[in-house]
Amino acid sequence: MSDTTTLTAQRGSPAASTSPGTPHGLPSLGPEGTALLRLLDDTFESWGVNAGARAMTMPPLLPAADLARLDYYENFPHQAVLAAPLDLDRRDEAQFCTDTGCFPCDALQPAALGLPSASCYAVYLDHEGRQLTEDTLVTVVGWCFRKEERYEGLRRQLGFRMREIVAIGGREHAENHLCTFTERITAFAEALDLPLRKEAACDPFFDKGGSKAVLQRLSPVKHEFLYEDLAIASVNTHRNFFGDRCSITLADTGGPAFTSCVAFGLERWLSALTRRHGDWATAAEAVRTAVARLAPAGPVT
């Protein structure tokens, strides 16, 4: 296989999901993997656009101060990755260390930029301070970054791409968004012959000691779709958390907007599809067949 990331298997045999050459979680994709990733992303984007979503492009980094306002570093400190420029005033004192492969901390300026772990944070920040006169859908794809205990091929990466379809508006709009795309993901997986199981998960968007955290335990805010032991998609409701923190309000009530999002980890889909179907070509054909099968019902054009 031409891809350097995952596939050492021959046609019809299970595809390997690990790569000894990517210990830092930064694998590359060759032509076949790139084509399949684009096919998947085009499919997921079309689901959003056909539902009325505006396609947008968000920045790859966000101000750390903005992420802090969203409790990101309190809730996800284990995943956080920051970026900082070199401190040129200390350039002669703190040089790159060839033994460790790192710059020492005192060679860097303060880390004022964060690399987000999900694409939707930028969407909420982009809508900050707006009053919505109607329910909104936005779809974005972005590079996301997560510090992991270990990295494994396309299954777990430091840097990966995530397609999201985000709903902002009234409570009913946010809830219906998740119901619609839960059905769509389920139908797509069946058409792909990709057995997925849906499980409740827990993302600590809320203060662990607060009443919202208790409500979260009673009514989960996140459900994941897993292939084997790998979550490749999720549906998430944040209630009015981001609407409140980002001052996104509803014109009819004046209260904070509700939000929800549907997320697809693109490289994880590649891993699942190649493990299921054996190689890039068979996986790509399965996607094209599934898209064609579902097209008359309207999910994809």
Side-chain angles (χ1 to χ4, degrees), residues 1-8 16-38 41 57-126 140-164 203-204 230-231 263-271:
M1 296 291 179
S2 60
D3 281 82
T4 60
T5 47
T6 57
L7 296 188
T8 58
S17 62
T18 59
S19 173
T22 57
H24 301 296
L26 300 169
S28 60
L29 278 176
E32 294 165 301
T34 298
L36 180 54
L37 185 143
R38 288 176 176 170
D41 188 43
T57 300
M58 296 296 161
L61 299 93
L62 295 171
D66 286 343
L67 288 172
R69 286 193 294 109
L70 303 180
D71 293 347
Y72 178 71
Y73 299 110
E74 178 181 349
N75 291 330
F76 305 102
H78 55 294
Q79 294 181 345
V81 182
L82 296 163
L86 289 173
D87 186 343
L88 299 184
D89 292 336
R90 301 177 58 86
R91 187 174 183 179
D92 294 334
E93 303 173 31
Q95 293 290 336
F96 178 79
C97 179
T98 56
D99 292 337
T100 64
C102 302
F103 281 99
C105 292
D106 58 6
L108 304 176
Q109 294 181 15
L113 294 171
L115 287 78
S117 62
S119 299
C120 61
Y121 287 107
V123 176
Y124 308 130
L125 291 169
D126 179 76
V140 296
V141 64
W143 278 98
C144 299
F145 301 85
R146 294 181 183 178
K147 174 76 166 58
E148 300 273 10
E149 292 183 0
R150 61 182 176 84
Y151 299 110
E152 184 182 356
L154 295 178
R155 289 169 56 85
R156 296 194 181 277
Q157 297 176 259
L158 172 59
F160 60 97
R161 277 152 288 198
M162 182 184 293
R163 165 65 64 180
E164 293 205 45
D203 271 352
L230 182 68
F264 304 90
L266 296 179
E267 283 85 353
R268 289 189 175 196
W269 276 83
L270 297 186
S271 174

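Worth knowing before you read on, the calculation uses all heavy atoms, side chains too, and leaves out hydrogens, waters and symmetry mates.
- The CZ atom of F160 sits 7.5 Å away from the CD atom of E148 when rounded to the nearest 0.5 Å.
- Under the rule for a side chain to side chain contact (heavy atoms under 4.5 Å, CB included), the partners of A231 that lie at least two apart in sequence or sit in another chain are E224, L226, R268.
- Closest approach of Y73 to L67, counting heavy atoms only: OH-CD1, 3.4 Å.
- Every salt bridge (charged side-chain N to carboxylate O under 4.0 Å, His left out) that D126 has, sequence neighbours left out, goes to R130.
- Looking only at distances, no side-chain donor or acceptor of R146 sits under 3.5 Å from a matching main-chain atom of Q79.
- Within the 4.5 Å cutoff, side-chain heavy atoms of P27 are placed close to those of Q157.
- Across every non-hydrogen atom of V141 and S119, the tightest pair is C-OG, 4.3 Å.
- Of all heavy-atom pairs spanning S117 and M162, the tightest one is O-CE, 3.8 Å.
- With sequence neighbours left out, R161 forms a salt bridge (charged side-chain N to carboxylate O under 4.0 Å, His left out) with E267.
- Annotation: side chain to side chain contact (heavy atoms under 4.5 Å, CB included) contacts of A83 (sequence neighbours excluded): L61, L113, L115.
- Between atom CG of residue L158 and atom CZ of residue F145 there is a gap of 7.0 Å, rounded to the nearest 0.5 Å.
- Listed by chain and residue number, F76, Y121 satisfy the ring pair (Phe, Tyr, Trp, His ring centres under 6.0 Å) test with Y72 (two or more places apart in sequence, or in another chain).
- Not counting sequence neighbours, the partners of R69 by the salt bridge (charged side-chain N to carboxylate O under 4.0 Å, His left out) test are D66, E128.
- In plain terms, the two heavy atoms of L82 and A111 that are nearest each other are CB-CB, 3.9 Å.
- In this structure, the side chain to side chain contact (heavy atoms under 4.5 Å, CB included) partners of D106, at least two apart in sequence or on a different chain, are R90, A94, P104.
- Listed by chain and number, the residues in a side chain to side chain contact (heavy atoms under 4.5 Å, CB included) with F96 are T98, F103 (sequence neighbours excluded).
- In this structure, R155 and L230 approach most closely via the heavy-atom pair O-CD1, 3.6 Å.
- Residues V140 and M58 come closest through the heavy atom pair CG1-CG, 3.9 Å.
- In this structure, OH on Y151 lies 7.5 Å from CG on L26, to the nearest 0.5 angstrom.
- Within the 4.5 Å cutoff, no side-chain heavy atoms of E32 are placed close to those of L36.
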